[in-house]
Every structure is written in structure tokens, then in C-alpha cells.
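Okay, structure first, notes after.
Every value quoted in this text rests on a predicted model; they were computed, and no experiment measured them. In each ligand, atom 1 is the first atom listed, and ligand 1 is the first ligand listed.
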Amino acid sequence: MRIAVIGAGNIGSNCARQALKAGHEVTLAFSRDPAALEETARELGASSATPADAVASADLVIFSVPWSVIPQALAAAGDLGGRIVVDTTNQFGSGPMPMAGQTAASFNAARMPGARYVKSFNTLTSGFQAQAAERSGDERVVQWICGDDREAKEVVAALLDAMGYVPVDLGPTATCAVMEAPRRPGAVYGEEYRAADAEAVVDAVRNGAPIPPTPSYR
Ligand SMILES: NC(=O)c1ccc[n+]([C@@H]2O[C@H](COP(=O)([O-])OP(=O)(O)OC[C@H]3O[C@@H](n4cnc5c(N)ncnc54)[C@H](OP(=O)(O)O)[C@@H]3O)[C@@H](O)[C@H]2O)c1
């Protein structure tokens, strides 16, 4: 696939590195310092472009910018209609916020009209994600996904698998609050999960029930 990474910071550059390793074409975009972005792209084996150009030629867009910058990044990216957009963001800092009871995923999906919105990569620190992508077998780590477009989620799940993670679909954007900040009891946000413990979480979320206690792998 041709993948555009909007915001090649901690998370975005991890994603770029792992997608390149999995054999995808990657273009980095959206930086306050285009020369530095070009250099990062060269180091990774990616290319760089303006956000609008990167999006225009992409099959899939990884959207990974600080929350406060989302409006600016969306304006620069232009029309996301028809694109699979993987949102890694968390609602920290300033900027427009979801209404009470609304998930950040629902809120952001509505800010990306026509996009085939999927949320992922947001529950674990970038350092942990980089390390976890190297694992194999039962030690592989879950990357949760949510979204309202089943086929888009399947594409993202295949990408996550190729990157070294276990993709687990938590369902629609409206009911994915357990994968969103802040870290707290009763949520998967901020916690390591492996495949064996994921199904019980999915069942609980589907049934609107509390999720089981956080697993420990020590
Ligand atoms: N870091 C984590 O562990 C982690 C984990 C899960 C989710 N997340 C979420 O993922 C998103 C990205 O996080 P990150 O840690 O990867 O962020 P980051 O390292 O700060 O990267 C932000 C990216 O946005 C670009 N950018 C362009 N214009 C910007 C502006 N005006 N202000 C700030 N950045 C600008 C930066 O490029 P230049 O610096 O070249 O301008 C950089 O590539 C956030 O929403 C965060 O909450 C982060």
C-alpha cells in the first residue's frame, strides 16, 4: 500500500518504520521543518511531501499529530474522502474537545468527513510500541482498533499484523471509550494486552459490561 504519515513524530515515525519493514511505500508529511522531515524520510527509506500531496496519492493515511494541532493538520491534509485514515491521537492539551459522553474517536471521525476512519496505535507509549513490534508468538502485543467501516478495519488489521502486533477490533467508534485516555481502572488504555486476554474484553464491550481486571504478564 501507499501510506501517508501525517505527523512523523514518536508514533508516526514508529508506524513509518514498521510499515516500511512490512513492504509498504511510505510518505511523511506535516512538519514545522520540512528540511528535517526530508532528512527523517531519507533515514527511514521513505519519501516526504506536503500533506495534501501525500494524502492525494495514499491508500491509507496514518494521522498522528498532537491534539491541539488537529485542526491545522486536517486543513493541510485537504480532502480525506474515501481514504482509510488511522487516527493515533489522544485528547490531551488544548483544542476542540468531544462532548460529555462522546468518544474522541466519534468526535474525530466527524471532523474527517468521508474518511474511512479507524482508530489505533493510541493506547501504548511509542517506546513500548517500538519494542513490542519485535516480539513473536504468544508475547505479541494487542493493538486495539475501533471504527464504523468494517472493510477499513480489516485493511488496518492486516497492516497491524504485518507490523508485528495482534489487531483486535473493539467495535464501533461510539463504544470504544475503554481504549481512550486517561489511563484508569476498567480501561485498556495504557495497558499491555496479549491475544489470550483480548476476547473477554471484546465480549464485555459488546455487552456493555465492565471489562475483566487488567492482566499482568510479569
Ligand atoms: N508519544 C506517545 O507515546 C503516544 C502514544 C499513543 C498515542 N499518542 C498520540 O499520538 C499523537 C502523536 O503523538 P507523538 O508523541 O508522536 O507526537 P510528536 O512526537 O510530538 O509528533 C508530532 C508530529 O506533528 C508534527 N507537527 C507539525 N506541525 C506541528 C505543530 N504546529 N505542533 C506540533 N507538532 C507539529 C511534528 O513535526 P515537527 O516536529 O517536525 O514540526 C511531528 O512530526 C498525539 O495525539 C498523541 O497523543 C502518543
Side-chain angles (χ1 to χ4, degrees), residues 3-20 26-44 46-55 58 60-78 85-98 103-109 111-112 115 117-133 141-147 156 160 163-165 167-168 170 173 176-184 187-193:
I3 297 177
V5 175
I6 306 294
N10 296 304
I11 293 288
S13 62
N14 269 354
C15 291
R17 196 171 291 111
Q18 291 153 9
L20 286 159
V26 176
T27 303
L28 311 182
F30 192 61
S31 170
R32 291 159 293 187
D33 184 347
L37 184 73
E38 207 180 312
E39 183 54 31
T40 304
R42 203 173 14 250
E43 281 167 19
L44 291 176
S47 53
S48 63
T50 65
D53 286 348
V55 166
L60 183 146
V61 177
I62 295 176
F63 189 79
S64 192
V65 303
W67 186 268
S68 61
V69 182
I70 291 176
Q72 196 185 325
L74 288 175
V85 178
V86 186
D87 177 17
T88 82
T89 68
N90 288 311
Q91 69 280 30
F92 294 118
S94 59
M97 288 288 170
T103 64
S106 292
F107 182 69
N108 279 353
R111 294 203 267 184
M112 303 179 188
Y117 178 93
V118 179
K119 179 167 185 163
S120 193
F121 296 108
N122 72 299
T123 66
L124 300 166
T125 65
S126 58
F128 184 74
Q129 292 190 38
Q131 176 249 311
V141 163
V142 169
Q143 288 282 20
W144 304 98
I145 63 182
C146 72
V156 175
L160 287 166
M163 284 176 159
Y165 304 111
V168 178
L170 262 179
T173 54
C176 72
V178 297
M179 68 181 273
E180 298 195 336
R183 191 176 187 190
R184 61 201 185 278
V188 301
Y189 178 84
E191 310 293 348
E192 174 180 349
Y193 276 79

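Of all non-hydrogen atoms in T123 and M179, the two that sit nearest each other are CG2-O, 3.4 Å. Nearest heavy atom pair, residue C176 against residue C146, reads SG-SG, 3.3 Å.
Atom 28 (N) of ligand 1 has F30 CE2, 3.4 Å as its closest protein atom, hydrogens excluded (heavy atom only). Atom 40 (O) of ligand 1 has as its closest protein heavy atom S31 OG, 2.6 Å. Residue, atom and distance of the protein heavy atom nearest to atom 39 (O) of ligand 1 are R32 NH2, 2.8 Å. What sits closest to atom 2 (C) of ligand 1 on the protein, heavy atoms only, is S126 N, 3.7 Å. For atom 7 (C) of ligand 1, the nearest protein heavy atom (residue, atom name, distance) is N90 ND2, 3.2 Å. Protein heavy atom at the shortest distance from atom 48 (C) of ligand 1 is I11 CG1, 3.5 Å. In terms of protein heavy atoms, atom 44 (C) of ligand 1 is closest to V65 O, 3.3 Å.
Using modelled atom types, one side-chain atom of T103 and one backbone atom of T173 make a donor-acceptor pair closer than 3.5 Å. Although no hydrogens or angles enter the test, the distance criterion places a donor-acceptor pair under 3.5 Å between the side chain of N90 and the main chain of N122. Judged purely by atom type and a 3.5 angstrom limit, N10 has no side-chain atom pairing as donor or acceptor with the backbone of S126. Judged purely by atom type and a 3.5 angstrom limit, E180 uses its side chain to pair as donor or acceptor with the backbone of A105. For R42 (side chain) and T40 (main-chain N/O), no donor-acceptor pair under 3.5 Å exists by modelled atom type.
Taking distance alone, with nitrogen or oxygen atoms compared against 3.5 Å, Q129 stays at or beyond that limit from ligand 1. Considering backbone and side-chain atoms together, D33 places no N or O closer than 3.5 Å to any N or O of ligand 1. Note: no N/O pair closer than 3.5 Å links T89 and ligand 1 by distance alone. For a threshold of 3.5 Å applied to N or O pairs, the pair formed by F121 and ligand 1 contains no separation below that value. Considering backbone and side-chain N/O of N10, one or more are found under 3.5 Å from N/O of ligand 1. By the 3.5 Å distance cut-off applied to N or O atoms, G7 is not counted among the residues near ligand 1.
Selection from G190, G9, C15, P66 by nearest heavy atom to atom 21 (O) of ligand 1 gives G9.
The only member of T89, L160, V156, D87 that meets side-chain contact (heavy atoms from CB on, under 4.5 Å) when paired with F121 is L160.
Using cut-offs of 30° and 60° on the angle between ring planes, the pair Y193 and W144 is perpendicular.
Contacts between L124 and ligand 1 below 4.0 angstrom, taking non-hydrogen atoms only, involve the backbone exclusively. Counting heavy atoms closer than 4.0 Å to ligand 1, residue V69 contributes side-chain atoms (C-beta onward) but none from N, CA, C or O.
For ligand 1, the atoms closer than 4.0 angstrom to any heavy atom of T125 are 3 (O). Distances below 4.0 Å separate heavy atoms of A8 from the following atoms of ligand 1: 43 (O). Listed by atom number, the atoms of ligand 1 under 4.0 Å from N122 heavy atoms are 6 (C), 7 (C). For ligand 1, the atoms closer than 4.0 angstrom to any heavy atom of T88 are 7 (C), 8 (N), 9 (C), 10 (O), 11 (C).
The side-chain heavy atoms of V26 and V5, taken from C-beta on, include a pair separated by under 4.5 Å. The shortest side-chain heavy-atom distance between I11 and Q129 falls under the 4.5 Å cut-off.
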